[in-house]
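Data block below; observations after.
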Amino acid sequence: MRGEEELACDVLVLGGGLAAVCAAVQAARLGCDVILLEKDPVLGGASSPMLGIHPSGAHSFHPYAAETGIIGEIEEEAAWRRAKIRTAGQHHNIAQQWDTLLKEFLDGAGVRVLRQTYARQPVVEGRRITAVLAEDTARFRSLRIGVRGQVVEASGDGHIAASAGATFRQGREARAEFEERSAPETADSVTLGASVTALVRKTSRPVTFAPPPGTPPFEPGYGFAATALGTERCLHAHSAWNPDEEFCFLTHTETGGQRDVIADDPEIYEELLRQLYSAWNHIKNEAHAREASHWELVWVSPKAGRRESRRFAGDLWVTQADIENGTAFPDAVGYGGYAVDIHDPAGAEDKQVEVVYYSIPPLWSIPYRALYSRDLENLFLAGRLAGFTHLGLGSYRMQKTLAQGGQAVGLAAALCKQYGCTPRALYQERLAELQQRLLKEDATILNLRGADPANLAARASASATSEQRHGVLHATDWLPLDRPRGVQLWDWAPSLRQAQLLLLNPGDEPRTCKAALMHYRPAQPYKESHSRVGFAYERVTNRMEWGDDNLLAHWETVAELKLEVPGRFAGWVEAPFNQELSPKTPTSDEERWMVLVEPAPGLSWGRDLQRYDFVRRAWLDPGSGQYATDGDSHCFRIDPAPPYGEAANVLNGWRRRFATNPVNMWISAFGEPLPQSLTLEWPEPQTFNTVHLVFDTLMRTFKEMPFNRDEEVAPVTVEAYDLEVFDGSGWRLLASETDNYRRRRVHVFPTVCGDRLRLTVRGVWGEGGPARVYEVRVYHEPPSPDTV
Ligand SMILES: Cc1cc2nc3c(=O)[nH]c(=O)nc-3n(C[C@H](O)[C@H](O)[C@H](O)COP(=O)(O)OP(=O)(O)OC[C@H]3O[C@@H](n4cnc5c(N)ncnc54)[C@H](O)[C@@H]3O)c2cc1C
């Protein structure tokens, strides 16, 4: 080693995983001098080309729950640029362009990135880390990096945090400690295991595979592919070798959960290689010799991916119960929603790794207090090492969930610099500012509206050339009331004065029918089974669907009415239910209300074959124990109706949907061609120089997101638009865009003064789609708008 080189920064980020990248980018965008250290030659942590693990998050189990903020931006850009290789099934990615893209984000924000540099030792004075000693293994240099502000520990294992004296845990908590229903009776040192990843491809010629000496015989117990399905099926199931594909990712291996995954890393890696060779030998030379004859093992990750090691104490621990109950933490800074996914190294029969989904939780909040060390005054915790219990980590550890924690920490670090305070003091004194700044940076916080006093748009009113409202008004055909038929609502107002139904009575005589108001309320906020009932009418499904339980026994009748339908009549019939309704949980599709009409010979109910995402059609077939549903709808309207696609939604403080409804955006009327315009109008002229636009890019399922579908852009995205101001004499163009693929656009221009702002959507990517805009914000920013 040559002599020690001195560097200094405001914020030092340890690790180059996605949480680290988002922390560094956010802090640097807000004016901090940031250095990021990554011991590997590539960026992305587990998602880097060294392991290629697909970033996932809440969206796998929750409709429309794609992560926004910096991780959303990264994926959006990666999709547009196709920074990805195509593998079957599981979307794993070892494209070098992914690393290049992350580096561009860091460079663009002004972060100094030191690759192949590992953080070796902290320098601690009192309760502060004042410097970190690091080794640049590419250039054989030792570095001393002085830290003026915060250290963000995002290295997965937390070597620096542990050396600095931060309290941590390793292993499973006892059930009684946090009252976690799935925890073992007694605490132990068991963690989730580690795995290698591998790529296999189909070739044009036969390829042999000679297992290296010492390769053990294959046992179905290897890795999480070994399930009750047995050897044959398991190779095609979770582990994703499929002879009909061209290029597959293997994840057959897992071990290390009963060892010290850090100290025993070399032995664990070798054991994983043996498992992999054994599984591939089984495929190639034993069970599938004919089908696999042209298949070749082309790549194995040069290191093991770890799922868990140390977890550090913040000011609270997030537990399984917090996640499963969707605890509404007041200091929420992000959200999760993936399964409580635990890999038990011993498994049921004490001999194989078993993957257990203890539950599918509702969308749950990440509390800020779990993201800083309780012991040190300038240590943030990003990534899997934050303050979550072993079971809590089961849901938190998804990379896009972790990335949100990273962005929150980066923003908090910038505010700590601005106010000269500690992470804890920021929580105690400036929590609201932290949360509102996060929303402005496009992070998602459940149950928190944007309320930025500097946002001039909040003082405006909104109107549009057309808007799509709640209710289905036009029938394409009529369905006979030969069985119970109904409409299930994804959203509702706090009360229901009346429903109106479009009914047909072709006979001369008046007829009656019975209408009921029905309610479905889940027994608990989480699901214990990974049910795949799903919706037959949806082309693509998530790994599980909410709102698909339609067992009769689970629906309660709240009110019943008799309806009179005159003879020779086709029109609206009123059902005056006059009921108070439970408030709609905006982050869940599980609870529903239904208006059901009992069988009534001679009567029909109008149907519109168009699909509306605020309703679906239901009916009960003879002898069935559950309602069937389809994506179209009977014609109905309810009074009062909940908002749907009104222009005013762009000012309601929500910048995304969290479930199927409410949509929280302006949607121009279906069937009205583009262009369509949205206008904000103020009583007095306003002076401003910046407009933030948030377009819809959120597809219903994670599989439909462009990065996961190998597509460039979501079809709902606005592609072309103009932004204009009315300055008293006429409309002046502020921006005109084509080929837009971004959810959030920030337009900065020389200061203007006007009493109207107009956004004209000229095109969307999907054919015939309406304009869809979540939010418009207007600011008069100081010269360097994003710098605190
Ligand atoms: C086989 C496997 C499959 C998985 N499947 C999925 C999945 O499908 N979807 C999903 O979202 N998640 C998945 N996960 C979980 C997910 O990958 C991890 O939970 C996540 O990557 C942890 O993020 P992190 O930022 O904390 O750590 P990492 O992503 O591991 O990043 C930490 C980085 O810090 C670096 N580092 C460590 N020590 C130092 C040091 N001292 N100095 C400098 N740098 C250092 C490391 O090299 C690494 O690049 C999987 C994990 C594994 C192992």
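Just so you know, ligand 1 is whichever comes first in the structure, and atom 1 is the first atom listed for that ligand. Computed from a prediction, not measured in an experiment: that's the story for all the values here.
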ask   = Going by the atom numbers of ligand 1, which of them fall below 4.0 Å from some non-hydrogen atom of Leu37?
value = 43 (C), 44 (N)

key: Thr117 touching ligand 1 at heavy-atom level, < 4.0 angstrom   = yes

ask   = Between Arg307 and Glu254, is there a side-chain N and carboxylate O pair less than 4.0 Å apart?
value = yes

Any Tyr335 side-chain heavy atom under 4.5 Å of Gln404 side chain = yes

query = Contact between Leu14 and ligand 1, counting heavy atoms under 4.0 Å?
reply = no

request  = Please answer whether the main-chain N or O of Val340 pairs with a side-chain N or O of Ser359 as donor and acceptor at a distance below 3.5 Å.
outcome  = no

request  = Give yes if a backbone or side-chain nitrogen or oxygen of Arg306 is under 3.5 Å from a nitrogen or oxygen of ligand 1, and no if not.
outcome  = no

task = Output the list of atoms in ligand 1 that are nearer than 4.0 Å to some heavy atom of Tyr118, sorted by atom number.
result = 42 (N), 43 (C)

remark   = The residue among Arg29, Lys400, Arg743 that forms salt bridge (Lys or Arg N to Asp or Glu O under 4.0 Å) with Glu73 is Arg29

message = Any salt bridge linking Arg397 with Asp341? Criterion: basic side-chain nitrogen under 4.0 Å from a carboxylate oxygen.
response = yes

request  = For Arg656 and Ala443, indicate whether the former's side chain and the latter's backbone hold a donor-acceptor pair under 3.5 Å.
outcome  = no

key: Lys39 N/O to ligand 1 N/O under 3.5 Å   = yes

key: Proximity to ligand 1 by part of Arg115, non-hydrogen separation under 4.0 Å   = neither

request  = State, with a plain yes or no, whether a side-chain heavy atom of Val25 is found less than 4.5 Å away from one of Gln407.
outcome  = no

query = How does Pro55 reach ligand 1, by side chain, by backbone, by both or by neither, if only non-hydrogen atoms under 4.0 Å count?
reply = backbone

query = Is there a side-chain contact between Gln150 and Pro423 (heavy atoms, below 4.5 Å)?
reply = yes

message = I want to confirm something. Looking only at heavy atoms, which of Ser155, Gly406, Gly17, Ala23 is nearest to atom 38 (N) of ligand 1?
response = Ser155

Subset of ligand 1 atoms that lie under 4.0 Å from at least one heavy atom of Leu402 = 19 (O), 20 (C), 22 (C), 23 (O)

request  = Determine, using heavy atoms of Gly16 and all atoms of ligand 1, whether some pair is separated by less than 4.0 Å.
outcome  = yes

request  = Have a look at ligand 1 and work out which part of Ala194, if any, has a heavy atom under 4.0 Å from it: side chain, backbone, both or neither.
outcome  = neither

message = Strictly below 4.0 Å, N to O, side chains only: are Arg374 and Asp315 in salt-bridge contact?
response = no

inquiry  = Below 4.0 Å from ligand 1: does a non-hydrogen atom of Lys303 turn up there or not?
reply    = yes

message = Which of the numbered atoms in ligand 1 are under 4.0 angstrom from any heavy atom belonging to Ser195?
response = 1 (C)

request  = Please check if the side chain of Gln97 supplies one atom and the backbone of Arg81 the other of a donor-acceptor pair under 3.5 Å.
outcome  = no

task = Measure from atom 53 (C) of ligand 1 to every heavy atom in Ser56, Ala386, Ala382, Gly305 and give the option owning the shortest one.
result = Gly305

query = Can you list the ligand 1 atoms lying under 4.0 Å from a non-hydrogen atom of His54?
reply = 7 (C), 8 (O), 9 (N), 10 (C), 11 (O)

ask   = Asp136 pairs by salt bridge (Lys or Arg N to Asp or Glu O under 4.0 Å) with which of Arg141, Lys39, Arg144, Arg115?
value = Arg141

query = Going through the checks in order, is the ring pair (Phe, Tyr, Trp, His ring centres under 6.0 Å) test met by Trp98 and Phe707?
reply = CA-CA 12 Å; Trp98 176 250; Phe707 187 65; 5.6 Å; yes

message = Closer than 4.0 Å to some heavy atom of Gly15 - which atoms of ligand 1 meet that?
response = 34 (O), 35 (C), 44 (N)

message = Within the 4.0 Å heavy-atom shell around Gly383, which atoms of ligand 1 are there?
response = 26 (O)

key: Identity of the nearest option to atom 6 (C) of ligand 1, non-hydrogen atoms only, from Leu393, Leu43, Ile53, Val42   = Ile53

task = Could you tell me which atoms of ligand 1, counted from 1 in the order shown, lie closer than 4.0 angstrom to a heavy atom of Met398?
result = 9 (N), 10 (C), 11 (O), 12 (N)

ask   = Is the closest heavy-atom distance from His159 to ligand 1 below 4.0 Å?
value = no

